Amino acid sequence: MLRTRFIHASLVFAALAGCSLADELDGEPCAVAKDCWHTQECGRTAEEEQLDLPGVCVSEGTGCVPGRQLGCACDPLDYDKDCLMTALPVVIDYPAMICDEVRRVCVLESDESGVQP
């Protein structure tokens with residue numbers, strides 16, 4: 001009986017610890033899915049891979065953070081999805097982005113000469 005209670009308590013603790021670890025890793029930089037919790041994926045776009053930028057740990061099935069990652073869908077009229085802020089922590093040197101109004105995806109911001117940084 002005591003052993004059954006111990007096992008039950010251990011399983012409950014493990015489940016609670018797993019939830020908090022997923023919360024801790026949410027939004028953290030990643031290169032592959034193994035960098036994230038088992039209920040998450042590494043949301044890394046093809047554009048980020050080409051520029052050797054990290055992706056972001058997101059819930060499985062998310063893909064990428066809309067309006068916050070290169071190559072991900074955006075909305076120029078939505079402050080949270082206009083590509084002006086990145087999904088990654090500020091300490092990551094992520095290039096400036098804008099929302100391409102025609103394609104509705106985040107793209108690199110061009111300087112005045114039309115050359116992308």
Side-chain angles (χ1 to χ4, degrees):
M1 175 103 158
L2 183 60
R3 181 177 177 169
T4 305
R5 285 186 183 171
F6 176 75
I7 292 172
H8 178 69
S10 297
L11 291 174
V12 169
F13 178 75
L16 291 174
C19 291
S20 63
L21 188 54
D23 290 343
E24 291 294 320
L25 291 175
D26 192 45
E28 288 298 309
C30 61
V32 293
K34 288 183 180 182
D35 294 340
C36 305
W37 190 239
H38 67 90
T39 60
Q40 297 174 320
E41 65 185 7
C42 182
R44 190 172 185 205
T45 65
E47 289 81 352
E48 288 173 327
E49 286 185 39
Q50 288 175 348
L51 294 173
D52 200 28
L53 294 169
V56 178
C57 290
V58 292
S59 299
E60 286 182 338
T62 303
C64 62
V65 182
R68 304 267 176 130
Q69 287 180 269
L70 282 172
C72 199
C74 64
D75 182 354
L77 302 177
D78 185 342
Y79 174 76
D80 288 329
K81 297 180 182 178
D82 64 5
C83 306
L84 297 179
M85 296 187 312
T86 68
L88 291 163
V90 176
V91 294
I92 304 287
D93 189 21
Y94 204 87
M97 301 180 292
I98 58 170
C99 183
D100 184 313
E101 293 184 19
V102 176
R103 296 185 304 155
R104 296 285 175 134
V105 295
C106 293
V107 296
L108 291 174
E109 182 178 37
S110 299
D111 63 16
E112 292 174 8
S113 66
V115 177
Q116 293 182 339

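Numbering starts at 1 and runs along the sequence shown. Nothing here was measured: the structure is a model prediction, and the numbers come from that model.
Members clustered with Leu77: none, using a 4.5 Å side-chain heavy-atom cutoff among hydrophobic residues.
Listed by first then second residue, pairs satisfying salt bridge (charged side-chain N to carboxylate O under 4.0 Å, His left out) with a partner in residues 94-104 read Asp75-Arg104, Asp100-Arg103, not counting sequence neighbours.
With sequence neighbours excluded, the residues that form a side chain to side chain contact (heavy atoms under 4.5 Å, CB included) with Ile98 are Val107, Glu109. When the side chain to side chain contact (heavy atoms under 4.5 Å, CB included) test is applied to Cys83, the partners found at least two apart in sequence or on another chain are Cys74, Met97, Cys99, Cys106. Residues passing the salt bridge (Lys or Arg N to Asp or Glu O under 4.0 Å) test with Asp80 are Arg68, sequence neighbours excluded. Shown here are the salt bridge (Lys or Arg N to Asp or Glu O under 4.0 Å) partners of Asp52, two or more places apart in sequence or in another chain: Arg44.
Residues Cys64 and Thr45 come closest through the heavy atom pair CB-CG2, 3.9 Å. Minimum interatomic distance between Ala87 and Val56 (heavy atoms only, all atoms of both residues): CB-CG2, 3.8 Å. Of all non-hydrogen atoms in Asp26 and Cys57, the two that sit nearest each other are OD1-O, 3.4 Å. Here the closest non-hydrogen pair linking Asp82 and Pro76 is CB-O, 4.2 Å.
The structure places CD of Glu48 at 6.5 Å from CG of Leu88, a figure rounded to the nearest 0.5 Å.
Counting heavy atoms from C-beta on, the side chains of Leu108 and Leu51 come closer than 4.5 Å.
Taken together, the cysteine pair Cys42 and Cys36 keeps its SG atoms at least 2.5 Å away from each other.
A distance-only check finds a donor-acceptor pair linking the side chain of Glu41 to the backbone of Gly63 [under 3.5 Å]. Using a distance-only test at 3.5 Å, with no hydrogens or angles considered, a donor-acceptor pair links the side chain of Tyr94 to the main chain of Leu70.
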